[in-house]
Protein chains: 2
Amino acid sequence: MLSKKTKYALHALTYLGKHRDEKTVLIHDIAEEHGISHKFLENILLELKKAGILGSKKGKGGGYYLIKDPKEIPLSKVIRLLDGPIALLPCVSLNYYEPCSECKDEATCGINKVMIQVRDETLKILENKTLEDILKT
Amino acid sequence: MLSKKTKYALHALTYLGKHRDEKTVLIHDIAEEHGISHKFLENILLELKKAGILGSKKGKGGGYYLIKDPKEIPLSKVIRLLDGPIALLPCVSLNYYEPCSECKDEATCGINKVMIQVRDETLKILENKTLEDILKT
DNA sequence: ATAAAGTCTATAAAAAAGATAGGGTTTATA
DNA sequence: TATAAACCCTATCTTTTTTATAGACTTTAT
C-alpha cells in the first residue's frame with residue numbers, strides 16, 4: 001500500500017492539475033480541501049518541488065504550481081520519491097538496491113529471478129500511468 | 001516492498017518445494033539455512049498452514065510439508081496472507097477495502113479510477129507467477 | 001513596516017514490523 | 001509408559017517507520 005505521504009502527494013498534484021489556470025495555489029487550500037494537516041502537506045510539497053515537479057513562489061500572493069505537463073509525471077516517479085522502491089525486494093531494486101541477508105547467492109536465487117520479472121512488469125504499468133490519466137477521468 | 005515475513009515465507013516455501021521428496025522438513029533446518037530466527041519463522045509457517053498451503057506433522061519426527069502443487073501457489077496468495085492488500089490504496093482493495101478519509105467522493109475520484117486499473121494489472125502479474133516459477137529457475 | 005506565504009530542521013507521538021519467550025500438546029520410540 | 005522431539009498458541013517486548021507537530025527563518029506584495 002502507498003503511504004499517506006504518497007497518497008497526499010497524488011491528491012495535491014491532482015488539485016494543482018485542476019487549478020492550472022490559476023498562477024499559484026496555497027498549501028492551505030489543498031490541505032483544507034482534503035482534510036490534511038497543513039504542516040505535513042508542506043513537507044510533501046517541498047519534496048515535490050525539489051524533485052522538479054512543482055514550482056513555488058514565496059511571499060504574499062505566493063504558492064505552488066505545476067511545473068511539468070501532467071503527462072510527464074508518471075506514478076512511478078511520485079511513488080519512488082515519497083515511498084521509495086517499487087521493487088518488491090531490495091535485491092531487485094533499480095534505484096535502491098541492497099542485498100538480502102537471508103539469500104546465500106543472488107545468482108542462483110529463484111525468488112530473485114521471479115521478482116525481477118515482477119518488477120519489470122510493474123514498472124511498465126507505473127511508468128505509463130501519469131497524472132494526466134488521473135485528471136482526465 | 002515485501003515485509004520480511006513475506007520474504008521469509010517465500011524462502012521457506014522454496015525450501016519446502018525443493019525437499020518434496022522428504023516426508024517432512026524441520027522449521028529448524030529452514031531457519032538455519034537462511035539465518036532466520038527459528039521462532040519468527042515458526043509463526044510464519046503456522047500461518048501458511050492455516051491458509052492451507054502447508055501441512056504439518058506434530059511430535060518426534062514431525063515437521064512441515066507442502067500440501068499444494070507449487071503451480072497452485074500464486075505470489076498473490078502468499079503476499080495477501082502475510083502482508084495484506086496488494087492494491088495501492090485501501091479504497092481499491094478487493095480483500096481489504098476501506099474508504100480513504102481524504103477523498104470526498106470515490107465515484108468521481110480520478111486517483112481511485114487509475115488505482116483500480118493499476119490493481120487489476122498488478123493482479124494479473126501476481127496471480128500468474130507461482131512457486132513453480134521460483135522453483136524452476 | 002507588516003502580514004502573508006513558502007523554507008528548513010528538529011523532535012514528538014503513534015503505529016507497524018520484527019523478534020522473543022515460554023508453556024502447551026502431540027507423537028515416536030526406547 | 002517415560003522421555004525427548006517437534007509443532008501449537010498467545011502474549012509481550014523492542015525497534016523501526018510513519019505520521020504529525022513545532023517553531024524559527026526568509027521572501028515578497030502592498
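The figures here come from the full heavy-atom set of this structure, side chains too, leaving out hydrogens, waters and symmetry mates. Naming: A, B, ... by sequence-line order, numbering from 1 per chain.
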Closest to side chain of Ser37(B), choosing from dA20(D), dC8(D), dA19(C): dA19(C)
Interatomic distance, Thr108(B) atom OG1 to Glu106(B) atom CD [nearest 0.5 angstrom]: 9.5 Å
Nearest heavy-atom neighbours spanning Pro74(A) and Leu126(A): CB-O, 3.7 Å
Nearest-0.5 Å distance, CD1 of residue Ile30(A) to CG of residue Leu26(A): 8.5 Å
For Asp69(B), all residues meeting side chain to side chain donor-acceptor pair (under 3.5 Å), sequence neighbours excluded: Lys71(B)
Closest heavy-atom pair and its distance - Leu2(B), Leu89(A): CD1-CD2, 4.0 Å
Aromatic ring pairing Tyr8(A)/Phe40(A), orientation class (parallel under 30°, perpendicular over 60°, tilted between): perpendicular
Proximity to DNA chain C (any heavy atom under 4.0 Å), residues of residues 9-36 of chain A only: Val25(A), Leu26(A), Ile27(A)
Residues in contact with DNA chain D, drawn from residues 38-60 of chain B - heavy-atom cutoff 4.0 Å: Lys39(B), Glu42(B), Asn43(B), Leu46(B), Lys49(B), Lys50(B), Ser56(B), Lys57(B), Lys58(B), Gly59(B), Lys60(B)
Short side-chain donor-acceptor distance under 3.5 Å, Lys57(A) and Thr24(A): no
Nearest-angstrom distance from the residue atom OH of Tyr64(B) to C1' of dA5(D): 14 Å
Phosphate-side-chain proximity, Tyr8(A) and dT18(D), N/O vs OP1/OP2 below 4.0 Å: no
Separation of dT17(D) P from Lys4(B) NZ (nearest whole Å): 9 Å
Ile53(A) and its side chain to side chain contact (heavy atoms under 4.5 Å, CB included) partner, picked from Leu131(A), Leu48(A), Leu16(A): Leu48(A)
